[in-house]
Visitor: 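Supplied in structure tokens, the structure appears directly below.
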2 protein chains.
Amino acid sequence: MNSFTEENYIKSIYHLSKDGNQAVNTNSIAEQTSTKASSVTDMIKKLAEKGLINYVKYQGVTLTPKGYSLAVGIIRKHRLWEVFLVEKLQFKWDEVHDIAEQLEHIKSDTLVDRLADFLGNPKADPHGDLIPDKEGKFQSKDLIRISKMEAGDTGIISGVNEHSPKFLQYLEKSGLVLGKKIAVIEVIEFDGSVILLMENKEITISREAAKNILILA
Amino acid sequence: MNSFTEENYIKSIYHLSKDGNQAVNTNSIAEQTSTKASSVTDMIKKLAEKGLINYVKYQGVTLTPKGYSLAVGIIRKHRLWEVFLVEKLQFKWDEVHDIAEQLEHIKSDTLVDRLADFLGNPKADPHGDLIPDKEGKFQSKDLIRISKMEAGDTGIISGVNEHSPKFLQYLEKSGLVLGKKIAVIEVIEFDGSVILLMENKEITISREAAKNILILA
DNA sequence: TAGTATTTTTAGATTTATCTAAAAATTAAA
DNA sequence: TTTAATTTTTAGATAAATCTAAAAATACTA
Ligand SMILES: [Mn+2]
Ligand SMILES: [Mn+2]
Ligand SMILES: [Mn+2]
Ligand SMILES: [Mn+2]
């Protein structure tokens, strides 16, 4: 049985390794988990001992298959609970993350399966993040940032790259929510801000915002 | 912020004190929490420090108003989650307790309120145990054990006093589930077993079982 | 009421997850 | 290719929750 702490480290390592690919260094784990590098060294020794990560001193860590499937399982639970909170309990998309951080550690395989069924086996959470299936497979989508689009390009808002309540509330207020169709009218050369057309209205967003909104072409 | 451990001690004290009335002694807390008396002494000092219990050395403990409302809040969550699991996720009544033991520690007042609304503000959980409202008030019912009934008495099965999966599965198999109307035909003097009439069928249960089934007259 | 049994508390250790400060290894720069 | 900067690991401490063994207090009994 893994502690919440261990699970949070594994999840951090997963996210930092860009979904399980590259090696992750000690300092970045420390930052992600709000701990110190020395604490991380202690913990990664323990996780390596448990067979969840590959660890060579000074070389950073990678997830083993066992660690990877643990991470994906936690992420599945996190995202399913977020769907539950939004779809069934009327939470807003900017309110669900902290509660899901708690719920993701509830242990019961049956519960996860039943919850997924209850929700209609959703493929994405309220932020457009993909929900892996029971076997840990993601049904990958090809999303691009608005900041990579050019005048004339069109698409549908399908995800975000930044999950802070502040940003999500801003999008909500501006009507830039998942499912909306947008077209890029112009990219301002000076500062990279982008003028969009959405529902026959022009909306200007900063380059920073444009980098964090994901579009399905 | 209270740890899961602290919450479990408070809940144990609540249950052992018969819903918050009498004083609870160290050994019984140790038994309930599967720890040793010495561990309990340490923990109750801490809980007293936090203002959750009244503690005088060698005199046992009682809940303060603050401790009482913490306990009731946890019990509310536990029972609401049990309703959720049975009503929405098709769990059986003998399968939900352990999962609810985890879910009862999730911290979010909004979540509890929304969950209660979502479930239609149920007054009782799948075992007939009362669910306190937001203010911690129980809508008390007057239930009696079948073992206290006499030949000729009738009523509706409305709760259980024993929550082990074994017992719940036995009731399920025998059809002795919540809402069923029963009549006592005879109480066997020899061993206290009880012959019931339910849906025109006779069912004999042991005195032990009769003590653990609760009836609304 | 004195003596015994039971319950509770204290004393001292252990495990987990964390920290600070210092040492060691790696990486970058001169 | 030395030297300096950065990163990582080790050493030693601390706080939380637990334990065993022993001491102290309370309760029971003859
Ligand atoms: Mn989230
Ligand atoms: Mn999300
Ligand atoms: Mn229960
Ligand atoms: Mn119950």
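In what follows, every chain begins at residue 1, and chains take the letters A, B, ... in the order their sequences are listed.
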Visitor: Tell me which one of Leu171(B), Leu214(B), Val96(B), Leu178(B) satisfies side chain to side chain contact (heavy atoms under 4.5 Å, CB included) with His127(B).
Guide: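 Exactly one option meets the side chain to side chain contact (heavy atoms under 4.5 Å, CB included) with His127(B), and it is Val96(B).
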
Visitor: Mapping Lys36(A) and Gln59(A) onto DNA chain C by nearest heavy atom, which one lands closer to the 5' end?
Guide: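 Nearer the 5' end of the strand: Lys36(A).
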
Visitor: Do the side-chain N and O atoms of Asp129(B) and His78(B) include a donor-acceptor pair separated by under 3.5 angstrom?
Guide: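 Checked: Asp129(B)/His78(B) side chains show no N/O donor-acceptor pair below 3.5 Å.
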
Visitor: Could you say whether Lys57(A) or Thr5(A) is positioned toward the 5' end of DNA chain C, judged by the nucleotide with the nearest heavy atom to each?
Guide: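 Per heavy-atom nearest nucleotide, the more 5' residue is Thr5(A).
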
Visitor: Taking only the side-chain heavy atoms of Asn27(B) (C-beta and beyond), determine which of dT18(C), dT9(C), dT7(C) contains the nearest atom.
Guide: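 Shortest atom-to-atom distance from the side chain points to dT7(C).
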
Visitor: Please state whether the phosphate of dT18(C), meaning OP1 or OP2, lies under 4.0 angstrom from any side-chain nitrogen or oxygen of Ser39(A).
Guide: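 Checking Ser39(A) against dT18(C): no side-chain N or O falls below 4.0 Å of OP1 or OP2.
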
Visitor: For Lys45(B) and dT18(D), give me the distance from atom NZ to atom P, rounded to whole Å.
Guide: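 These atoms are roughly 15 Å apart.
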
Visitor: Specify the separation, in whole Å, of atom CD of Glu49(B) and atom P of dA15(D).
Guide: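 One finds 15 Å between P of dA15(D) and CD of Glu49(B), rounded.
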
Visitor: Of all the choices, dT8(D), dC19(C), dT18(D), which nucleotide is nearest to the side chain of Thr26(A) once you look at every atom?
Guide: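 Minimum distance to the Thr26(A) side chain belongs to dT8(D).
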
Visitor: Any chance you could lay out the side-chain hydrogen bond (donor to acceptor under 3.5 Å, both in side chains) test for Ser206(A) and Glu208(A), step after step, and finish with the verdict?
Guide: CA-CA 5 Å; Ser206(A) 70; Glu208(A) 191 57 25; over 6 Å; no

Visitor: Looking for any heavy atom pair under 4.0 Å, which part of the strands does Phe4(B) touch: base, sugar-phosphate only, or nothing?
Guide: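 No contact.
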
Visitor: How many Å lie between CG on Asn25(B) and P on dA27(D), as a whole number?
Guide: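 The distance from CG of Asn25(B) to P of dA27(D) comes to 11 Å, rounded to the nearest Å.
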
Visitor: How far apart are the C-alpha atoms of Lys77(B) and Glu7(B), what are their side-chain angles, what is the distance that settles it, and do they pass the salt bridge (charged side-chain N to carboxylate O under 4.0 Å, His left out) test?
Guide: CA-CA 12 Å; Lys77(B) 287 190 279 182; Glu7(B) 291 191 347; 5.0 Å; no

Visitor: Counting side-chain heavy atoms from CB outward, which of dT18(C), dA25(D), dT18(D) is closest to Tyr58(B)?
Guide: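 In terms of side-chain proximity for Tyr58(B), the closest of dT18(C), dA25(D), dT18(D) is dA25(D).
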
Visitor: Look at the side chain of Ser38(B) and the base of dT20(D), then say whether one donor and one acceptor between them are separated by less than 3.5 Å.
Guide: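 By the distance-only test, yes, there is a pair.
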
Visitor: For the pair made of CG in Asp42(B) and C1' in dA11(C), what is the distance, rounded to whole Å?
Guide: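 Roughly 11 Å, once rounded to whole Å.
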
Visitor: Relative to Phe84(B), does Lys88(A) satisfy both conditions: NZ or CZ under 6.0 angstrom from the six-membered ring centre, and within 45 degrees of the ring's axis?
Guide: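 No, Lys88(A) and Phe84(B) do not form such a contact.
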
Visitor: Separation of Glu31(B) atom CD from dT7(C) atom P, in whole Å?
Guide: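 Value for this atom pair: 11 Å.
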
Visitor: Just the rounded figure in Å: distance from P of dT18(C) to CD1 of Ile44(A).
Guide: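 Spelled out: CD1 on Ile44(A) to P on dT18(C) is 13 Å.
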
Visitor: OP1, OP2 of dT9(D) versus side-chain N and O of Tyr55(A): anything below 4.0 Å?
Guide: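 Result: yes.
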
